[in-house]
Amino acid sequence: MIELDRLSKTYDDALAVDRLSFTVQTGDIFGFIGPNGAGKTTTIKILATLLDPTAGAARIDGMSVVDEPEAVRRIVGFMPDYYGVYDGISVWEFLDFFAATYGLRGAQRRKVVEDVMALTDLAPLRDKLMVSLSKGMKQRACLAKILLHDPKVLILDEPAAGLDPRARIEFRMLLKELRSMGKTVFLSSHILTELADVCNRVAILERGRLVAAGTVDEIVAGIAPVRAWRFTLAAEAPRAAELCSKFAKVRAATVEGNAVRVEVEEGCEIPALVKVLALADLPIVGLAEEKIGLEDVFMRTTKGEVA
Amino acid sequence: MFPFPQRGGTAWFRLRTIRQMALFAPAAASLWRDRLARLAALLLHPICIREFRGMFRSLRFFWTYFALLGGMGFAIILVMLTVSVGEVANPGDIGFRVFAIFCLLQAIGLGLVVPAIGCTGLVAERERHTFDLLITSTLTPGEIVWGKFSATLGYSALLLASALPLVSLSFLFGGVSPAMLLGSYAVLFLLAAFLSALGIFVSSVSKTYARAIITGYILTIVLGGFICAVFERPLERMLDYALLGRSHRPWTWWRLGGSFEEWMGRVVLPAYLYVAGVAFFMIAAANRLKPPVANKTTNMKLFYALFMAAGLTGWGVYLSESRIAGTLSASMHRQIVLVCLMMVAVLALLSTAFACESPEIPLRIQRRMAAWRGWRAWLRAWGPGNMAGVRFAVYTNAALLLGTLLFVQQAEFGGRGWFSDAFTFGSGDWLVLPATVAVILALVYAAAAHGAFWATVFRKPAYPYIVQLGVALIALSASPIWRGIWYAAKPWEERRFGRLFVLDVTNFPVTIASIWDGLQNGVQADVPYAWTVNPDGGGLFFDERSGEPVLPLWIAFVTLHVAVGILFSVWASHRMHRRAAAVALLQGAPPASPSTGP
C-alpha cells in the first residue's frame, strides 16, 4: 500500500532523510520509530504531499505522492503531530466543515458525520466548542476528521503524544478497530510500548537512515539473537553474577538487587546453569525468562544521534 | 365543453407552449435545481461558512462593527455641523453631500477592515496549526483561495449592508436616488473585492500574523493610487464632492458621451486593470498553495518592489491626470497632496514597524547597536527588534499628522476652525445637534444590535444574512416608501414635484429648529428653503408645501429603529443566555454515555 524507494530529503545542507526504502502492506498497522530529529516527520510530510522529496520515490496505492498529490489526498487521512482547532465552532461543526471540504453534501454529509462521531465516541460532545475540549478529545476529533472521507490509508504523526493512560488505551482500541475495518495505518510515536502493543510491523529510523524494519520478533532475531533470564536469589547476587558470566554462551550477567539478569545466546543450557549455581550454594528462589521488547530493540539499534 | 380555446391562432400556440412547458417542467426544474445547488455551493463555500461561524461568535467582531458604525455616525454629525446651509441651493444638496461623505467613509472603512480580515485568512491557519488539516483535504488550492476570498468579501458586504440604516440618514435631506445608491454600493463592493483579493494574496505569502497585517496595510496604501486610477471617476468625484462640496454628481460614469476614447479610458481600461489585478492576486495565491506547499521559494521582495513601483506610479498618474484634465482644482490638488503626504507618513510608520518585526536582522548588528551611546542612542530607537522604536515612530508620526492638520486649518480656514460654518438658525440652533445625535444614536444602536444578533446565530449562515438585509432594507426604505405612499394618496397636482421631490425629504433636525423658532418668535426661521413650517396652514407638524406630517413620520422612523434594536438585543441576549446554559449543562453534567472507546 505504501512504498518508499530510496527516498531522500535535504534542507539546505542538512540531510533529513537518507535513501529510505520500505513497504507497508495493506491492513498493516505500521509503527515508525526514531529519536527526535531522525526524519520521521519529514518522511510523513512527504507521504502526506506536504513536502517534495529531494530524490527517490514514494507511492501510496501505486500513486506517486509527487506526481499525483490530489489523488493521493483522496485516499489518505493525515493527522499532523501538532494541530490547532478553530475558535468558536463546535465538534459537530468542525466535522461538518471538513466533511464539506471532502465534497460530501446534504444528507450524506450529515450521515457520515454522525457515523464517524459514533465510531469515535464523540456523539456526547457534539455541541461542545472545540477549544473547550481536552487534549484527548481533540485528538479523537482530529482522528474523526481524517475518517470522514473513508480513506484507505491513515497517516498519524505522534498520535498518542500528550494523552493520559486512559485516552491512550482508548486510542489503541480505536486503531485496532480501524485495522479490522481494513484500513492501513502508518503511525509514528515515541511511546514504544504503544507501538509494541498495536503495531504488527515497525521501522526504526536514525539520522534519516533506516536501521531496521519488519515485525518486532524479526528485528529482535535480526539484530541480537539473545534471550534474557532473571535469576532471583536468596543472597549473594554478586557472586552468582560472577559465576554466570563465566558460563558458556552467556553474554552478560548484571546484578539487579537480589536478582541477576543473564543474557544468553541460542543454545545456552539454562538447566546446567541452574545446577552450577545450586552446587555453589546459591539457592535460587525464582527463575523467569524476560521477553526482549521494542524498547530494548530501539536502544540497541539506535545511538541517539540526530541528522 | 373543453374550457381551452380551439386549435389555431395565437391562443392555441400559447396553450401548446404551456403544455410543452408542463411536459418538460420536471427536467427543467431538475436542471435548474442542480445549477442553483452548484451556485449555492460556490457562494456558501464550506470555508466561508466556517469563517462566518467563527467570526460572528467573537466579541471582537461585534465591537469592530460597533466602532465602525459609531465612527461613521459621529463623522456625519461633524459633516452636518460643517455644512453651511447658505452654500447649497436645496436640501437635496445637503443630503447628497452627506451621502458622498458616507460613501467615502465606507471606502475608508473597507480599507481599514478588509486588509485586516483578508491578510490573516491563510496565515491564521498557519499560526493556528490548522493549515495542514485544510491543505490535505480534497479542496483544490483554487477552492481554498475562493473560500477565503468569499469569506472576506462576505464580511465586507456585511459591513456595507449594516451601514445601510446609517446611509438612510441622507434620505432625511433627500437628493439621493436609488440608482445612485446602487451605483455607489456597486463601486464599494468592487473595491472590497479588490482589497479582499489583495489580502488573500498577502496572507498566502506571509509566514506570521503580524507581518501579514503590516504588509497588507502597506500594500493597500501603496496600491491606493492604482485603485484610484481604476475607480478614477467615482473616487475622484467622491473626494471632490466630500471635500469641496462640488455640485456635480458622481456615480454617473455610465452616462458617458458615447465616444470610443471615453469609453475605453473610463470603462474598458479600468475594468481590464481591475479584473487583471484581482485575477493576478487570486491566481498567485492559489499557486502558493499548490502541493507541496512548503517548497515555495519565491522571492517576495521582488513582488513588493513591483507593487511599490506600480502603486507610486498609480498615484502619480492619478494626480497628474486629474490636474492636467482640469477636473482637479488647485485647492483640491493641494488637499489630495496633503492626503498623500499623510499616507506617506503612515507608510513610514508601518515600514518602521515592519522592520522592527523582522526577525532576520543579524544578532551581531543588534549587539553593535546596543553598544551605541550619546546621540547614536537616538538612532538605536529605530533599530530592529526594539519596540521603543515602534513607539517613537508612532509618536513622531502622530505629531507630524497633528501639526499638518493644524497648519491646514490655519491656512485653509483662516484659523476659524473646522466648525465655523455651522447652522445659523437663531434660537433653535441648539436643537439641531441633540436631534441629530438622537437620530444617529438610534440608527447606530439598531445596526449594532444586528451585530449582536449575528453573533449568536450559528447553524444557518444564510438566514442571518437575509434577516440582516431585510431589516436594513426596511430601515433604509422607511423614509422614501412612507413618503411615496403619502404622496400617492394625495391629489396628482400635489405630486407634480415628481420623484426627486419624493426623495427630497425634510431635514428633521432643521425642521425641529424651525418649529422651535416659530414657537418662540411667532415668525418663520431664517431658513433659505420654502419648505419650512407654515403655522397658518398645515400646523406645527405639517410641511407647508407637501402638507405631510413631518414630525410624526420621523418619530415613527426613529421609534422603528429603536424598536428593532431592542428586539434584536433581547433576542440576542436570550439566545446567548440559552447557549451559556447549555454549555454549562454540558460541562457540568456527566456525558450521556460513558466514553470508554469502541
Side-chain angles (χ1 to χ4, degrees), chain A residues 45-46 48-53 65-66 69-70 72-74 76-80 82-90 93-94 96-103 105-106 118-125 127-129 132 137 140 142 145-146 148-149 166-167 169-174 176-177, chain B residues 37-38 40-41 44-61 124-141 143-144 147 290-296 455 458-459 461 579 582-583 585-587 589-598:
Chain A
K45 283 197 168 179
I46 290 172
T49 72
L50 292 172
L51 276 178
D52 234 357
V65 297
V66 178
E70 286 87 3
V72 168
R73 286 175 182 181
R74 273 185 226 113
V76 167
F78 169 60
M79 187 160 104
Y82 187 73
Y83 54 86
V85 291
Y86 295 109
D87 297 338
I89 62 171
S90 66
E93 288 163 346
F94 176 78
D96 182 66
F97 163 61
F98 278 108
T101 66
Y102 285 118
R105 298 273 177 268
L119 176 70
T120 51
D121 265 358
L122 284 170
L125 307 172
D127 291 325
K128 262 203 162 184
L129 291 180
S132 69
M137 287 300 118
R140 203 173 269 254
C142 193
K145 175 258 164 191
I146 68 172
L148 287 167
H149 61 304
R166 183 182 181 82
I169 291 166
E170 288 174 2
F171 196 78
R172 209 158 54 206
M173 291 167 74
L174 196 54
K176 284 178 179 170
E177 186 166 338
Chain B
R38 279 204 296 273
L44 295 176
H45 195 275
I47 294 179
C48 182
I49 294 172
R50 205 258 309 137
E51 293 271 341
F52 281 177
R53 278 178 176 151
M55 273 194 288
F56 295 152
R57 286 171 192 174
S58 69
L59 206 58
R60 191 177 55 186
F61 166 81
E125 299 273 357
R126 288 197 178 95
E127 294 226 330
R128 208 192 285 129
H129 297 281
T130 48
F131 186 75
D132 285 351
L133 296 179
L134 189 63
I135 202 75
T136 51
S137 71
T138 50
L139 287 178
T140 63
E143 285 173 331
I144 294 173
K290 279 188 179 167
V293 288
N295 283 42
K296 307 294 180 192
F458 305 142
R459 294 284 166 80
R579 179 171 159 262
V583 169
L585 189 69
L586 276 173
Q587 286 172 343
S593 63
S595 132
T596 52

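We name chains A, B, ... by the order of the sequence lines, and we start the count at 1 in each one. Please read all numbers here as calculations on a predicted model, not as lab measurements.
The closest donor-acceptor contact from the side chain of R140(A) to the backbone of T120(A) lies under 3.5 Å. H45(B) places no side-chain N or O within 3.5 Å of a backbone atom of I144(B) that could act as its donor or acceptor partner.
No more than 12 heavy-atom neighbours from other residues, nucleotides or ligands sit within 6.0 angstrom of NZ on K45(A).
For K176(A), no part sits under 4.5 Å from any heavy atom of chain B, backbone or side chain. Neither the backbone nor the side chain of E127(B) comes within contact range of chain A; no heavy atom of the residue lies under 4.5 Å from a heavy atom of that chain. If you measure heavy-atom distances from V65(A) to chain B, you find no contacts under 4.5 Å at all. For a residue to count as touching a neighbouring chain, one of its non-hydrogen atoms must lie under 4.5 Å from one of that chain's; by this rule F98(A) touches chain B with the side chain only.
In terms of non-hydrogen atom pairs under 4.5 Å with chain B, the most contact-rich of F94(A), F97(A), F78(A) is F97(A). Note on E143(B), R50(B), R128(B): by heavy-atom pairs under 4.5 Å with chain A, the leading option is R50(B). By number of non-hydrogen pairs under 4.5 angstrom with chain B, the leading residue of T101(A), V72(A), D96(A), I46(A) is T101(A).
Not counting sequence neighbours, the partners of A100(A) by the side-chain contact (heavy atoms from CB on, under 4.5 Å) test are R105(A), R109(A), P46(B).
You'll find the side chain of I135(B) reaches within 4.5 Å of the side chain of R73(A), heavy atoms only. At a threshold of 4.5 Å between non-hydrogen side-chain atoms, the residues D132(B) and Y82(A) do not count as touching.
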